[in-house]
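Read through the structure below, which is laid out as C-alpha cells, and then see the notes.
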2 protein chains.
Amino acid sequence: VVEQTIRAARAAFLKMRCLSGEQKNAALSAFADLLASDGDYWLAENRKDLQEQKGLVPDSIYHRLELDRDKLSQLISGVRALIALDEPCDRTLWRRKLDDGLILEKKTVPIGVIGVIFEARPDAVAQILSLFLKSGNAAVLKGGKEARHSNAAMREILLKLAQRCPFLPDGWAGFLTTQDEARQMLAYDQWIDLVIPRGSNQLVRSVMATTSIPVLGHADGICHVYVESSADLEKSLAVVIDAKTQYPAACNAVECVLIDQAVADVFLQALQPEARRHGLQLLGCEKVRRILPLTEPVTDWSTEYGDLLLALKIVDGCDEAVAHINRFGSHHTDAVMSANAEVRAKFLNEVDSANVFVNVSTRFADGYRYGMGAEVGVSTSKLHARGPVGIDGLLTYKYCLSGDGHIVADYSGASARSFRHEDF
Amino acid sequence: VVEQTIRAARAAFLKMRCLSGEQKNAALSAFADLLASDGDYWLAENRKDLQEQKGLVPDSIYHRLELDRDKLSQLISGVRALIALDEPCDRTLWRRKLDDGLILEKKTVPIGVIGVIFEARPDAVAQILSLFLKSGNAAVLKGGKEARHSNAAMREILLKLAQRCPFLPDGWAGFLTTQDEARQMLAYDQWIDLVIPRGSNQLVRSVMATTSIPVLGHADGICHVYVESSADLEKSLAVVIDAKTQYPAACNAVECVLIDQAVADVFLQALQPEARRHGLQLLGCEKVRRILPLTEPVTDWSTEYGDLLLALKIVDGCDEAVAHINRFGSHHTDAVMSANAEVRAKFLNEVDSANVFVNVSTRFADGYRYGMGAEVGVSTSKLHARGPVGIDGLLTYKYCLSGDGHIVADYSGASARSFRHEDF
C-alpha cells in the first residue's frame, strides 16, 4: 500500500505540473467552499478525537489537536488568500542569450512528491494541502493517530473535492495511516523528494535520523535575547516577558536571556517580580545567583524548556553574547536589545541564525507575521529554505535551453565560436 | 588535527563575514597575481605528480590531474572575472514593513564552513578557493592523493596570500591530507554546513552514503537525447555525435538515444557509419537490433558508460520517451530534437531534470557555457541548488527584523494591532 500510494503520487505529480493557474485556483476555491460547507462535520469528528484523547495526551498536544470555529475561519481565509497570489510555477527567473538562437531560461517548477508526517494538528493538514495545490506538488501524508477522526473527515472532504474538480489527478494527495507505513515511506529516497515533519522536536529528530531524504524543519528552538548595556530596560523587560510567556511551547519562544554585566543588577531586580507575576521560574549562572539568591542553577545551556522556565546568564559584552548564541543556540531566532547602532550591526552580522532580531520579541519569527500567508514550517537548515517557509520553499527551478541544432564542438578548438552571454 | 582544522574554519567563517567587498577583491587580485608569478612552480610540482601517477591511474584521471599553461591562464582570468562581479553577500533580497517601525529584511549571507573532497583536479582546488573568497565561506579541503605535489605547492601559494592579505582570518582554508581525516570530517555534522565532492561518481556516492551533512553534487549523469518524428535528422545526428563523442567521460555526455518509430530506420542507417567513424560502439533494444543486426543488446538502461558506448531505444511517441527518461535517467540533462512546438513544450514541462534542452547538445549543461563564470559543480538535487552551481549556490539568506520594543502580545486578542505587510 505504501509503494502504491507513492507511485500514484509520482504519476500525479507529473500531471499536476500540467494544470493551469486557473485550474489550481478553481481547486482552491472549491476546497475553501467545502471547508465552509462541511466544516461543522469536521469539527464534530474532531470533538470525538478530543474526547478520546482527553487525559491521555499532554496539554500541549491536546491544545494542538483542538479545532474550533476561529481556526476554521482562519483556515478558510488562508486558502482564499492563496487564490489571490500570483501563479508561482513556470515563472522565468532569468533569460540569457548564450549565442544567436541559443536561449537559456531558468524557470520555477514544483519540487515533486513531498512526504508530510503530522502529530495532532488536523488544521495543518488542510493548510499544507492548500499550499501543495497552489505550488503543484504531490503529497503523501501521514496524519497523527490522535487526530484519526478529524483526518478521516478531511479525506471525505478531499473525495468531494476530486468530484468537483475532475481535472485534479488521482493520487495527488495520498494518505498513509500507520506509523509503520510512515517508516516505510522514509526509505523511498528515489521517489520522495522532501519530507516535512510537523510536530514535536522528538518527531523531527527521529525522522531526520531515519531517512536519507532531505528534511525540511527544525528539531530545536533554542532562542536567545541579549540585553546589551545600552538597552532600554523597560522595553527589554517587556520583550523578554513576551518572548517567554506569550506562548511558552512555541519554537520561537526565548529559552535564555543574556545580560550585560553593567545592567544586570537593575534588570534582574526588575525581572524578578514580573517573572513571579507570570508564574515564570528563573534559572541562572553563578553571577545571576549572587544577585537573585533564590534562583536555581542552569545545568545545560542547550535546553529547550518549552515551558515557563527561563535561563539567565550575565555576559561581558557583545562578543561573549554572540559566541554563546552561536555555540549553544539552535540557529533559529535570536534578538538583541540595544540603543547602540554598532552593536546592533555586529549582532545582525555575526549571529549565525535564520532569524536575527533587533529590539523586538523573538516570537515574531513566523510565516503569518512575516506576511507570507500560510507557512509550511520553520527551517533551521541553511540550504534551500531557511526561516519561516512559504510557497517559495515548495519550489525549485530547472534550466531550459532551446536552440537549432547547436553543438558544443563548435565552441572549442582553434576556430571556435564564442558565447555571447547577454541577459534579457 | 581534524577537529582543530574545522574549529579554526568555523572561527574564520565568522570573521570572513566581516570582510568588506574591497578586501575580498583585494585578496582575489593577490591570488591571481600569485598564480601568475608562482604558476611555473605549481606546474613543475604538477609534473612530479604526473610522473608518479603515469600508468598507475586510468587515462581519464591522468587527464584531469594534468595542469598546463592553458588551464593556468584560464584559471587566472577566471579569478580576475570574479573581482568584477557585484558583491554577493549582504544583498537585500526584499524589505517589508510589518508595522510602523517594524522592518523585516531578507539578506544574503554565506553558508558557513564547507568541506570539499577532491580527486585529482588540482586546478579545481584553486577555482573553489576563489569562489569561497568571493562568497565569504570558509573551507576545509582534502586534496586528491594523486595531486599531492601540486596541492602542496598550492598551500605554499596560500601562505604567501596570507602574508600579502593580513586581513584574511587564519584557517579560512584548512587542509586535510589523508582519506581517514576526510572520513572523520564527514562526521562533524554540527560544524560543517555542506560537503562538495569533486571527482568520480564513486567518490560522490561514498560521500553521500557516509555523511548526514548535505552534499552538493551528483552521482550519475545518465543523459538522454530523444529524436522525435518531426526532428531535423541531419541536425539530430550532429547533436547525438557531439553529445556522445566530444568528451565521453563528461557527466553531461549522452548515454541513451530514444528514437521515434517513424524515423528510426532512416536515422539509424545514417547513425551507423558516423558511429564507426568516431569509434563509437552502439547498443540497442530488440527493435533497434532488427534494423542494425550487429548491435549488442542493452542490459541496463540506467548505466552511465562514460565512454564511447551508446544505448539506442525505439519509442512510440513523446509520452513513452518522457516516461523512460523520468524512470531511468538521473535528472541531470535531457534533450529533445523536434520541429513540433507542442512536443517541445510537453518535453520541457514533463521531463523532471535539472537541465531540459530543445534541439541542442546535452554538453551545453555547464556553468562556463551558461555564463556563470566559475562553477562549483552540477547538482541533481532538487533542493537548494540545481543544475550548474555558481556563486549563488554558495549563499543562503537570513531574516533580519528591527523594531522598537515590539511585542507579539500586542498583535493578538480582542484589541489587537494588525500587521501592515507593505513591501518596499
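Because the structure is a prediction, the values reported are computed rather than measured. Chain A is the first sequence line, chain B the second, and so forth, proteins listed ahead of strands; every chain is numbered from 1.
- For A/Ser212, no part lies under 4.5 angstrom from a heavy atom of chain B.
- Ranked by heavy-atom pairs under 4.5 Å with chain B, the first of A/Ala243, A/Pro214, A/Gly403 is A/Gly403.
- In this structure a side-chain-to-backbone donor-acceptor pair under 3.5 Å is missing from B/Arg386 to A/Thr396.
- Contact annotation for B/Leu194: only side-chain heavy atoms (C-beta onward) come within less than 4.5 Å of a heavy atom of chain A.
- Of the listed residues (A/Gly387, A/Pro388, A/Ala409, A/Ser412), the one with the most heavy-atom contacts under 4.5 Å to chain B is A/Ala409.
- Side-chain atoms of B/His384 never come within 3.5 Å of backbone atoms of A/Leu383 as a donor-acceptor pair (strictly under, hydrogens ignored).
- Looking at B/Leu348, both its backbone and its side chain come within 4.5 Å of chain A, counting heavy atoms on both sides.
- Using cut-offs of 30° and 60° for the angle between ring planes, the B/His406 and A/Phe364 rings count as perpendicular.
- Each of A/Arg10, A/Arg17, A/Arg420, A/Arg363 has some count of heavy-atom pairs under 4.5 Å with chain B, and the biggest count is that of A/Arg17.
- Only the side chain of A/Asn326 comes within less than 4.5 Å of a heavy atom in chain B; its backbone stays farther off.
- When each of B/Asn349, B/Leu14, B/Leu98, B/Leu102 is scored by its heavy-atom pairs under 4.5 Å with chain A, the top score falls to B/Asn349.
- For chain A, the nearby part of B/Gln246 is the side chain; its heavy atoms alone come within less than 4.5 Å.
- No donor-acceptor pair under 3.5 Å is formed between the side chain of B/Tyr399 and the backbone N or O of A/Ala354.
- Ranked by heavy-atom pairs under 4.5 Å with chain B, the first of A/Leu104, A/Val239, A/Thr333 is A/Leu104.
- Counting only heavy atoms from C-beta outward, the side chains of B/Phe13 and A/Asp352 approach each other to under 4.5 Å.
- If you tally non-hydrogen atom pairs under 4.5 Å between each of B/Val408, B/Asn359, B/Val358 and chain A, the highest count goes to B/Val408.
- The aromatic rings of A/Tyr368 and B/Phe419 sit perpendicular, their planes meeting at an angle over 60°, well past the 30° parallel limit.
- Summarising the geometry of A/Val360 relative to B/Asp404, their closest heavy-atom pair is CG1-N, 4.2 Å, with the distance given to 0.1 Å.
- Contact annotation for B/Val322: neither backbone nor side-chain heavy atoms come within less than 4.5 Å of a heavy atom of chain A.
- Residue contact with chain B, scored on non-hydrogen atoms closer than 4.5 Å, involves the backbone and the side chain of A/Arg369 alike.
- In terms of non-hydrogen atom pairs under 4.5 Å with chain B, the most contact-rich of A/Gly393, A/Ala231, A/Gly371 is A/Gly371.
- A donor-acceptor pair under 3.5 Å is formed between the side chain of B/Lys382 and the backbone N or O of A/Ile111.
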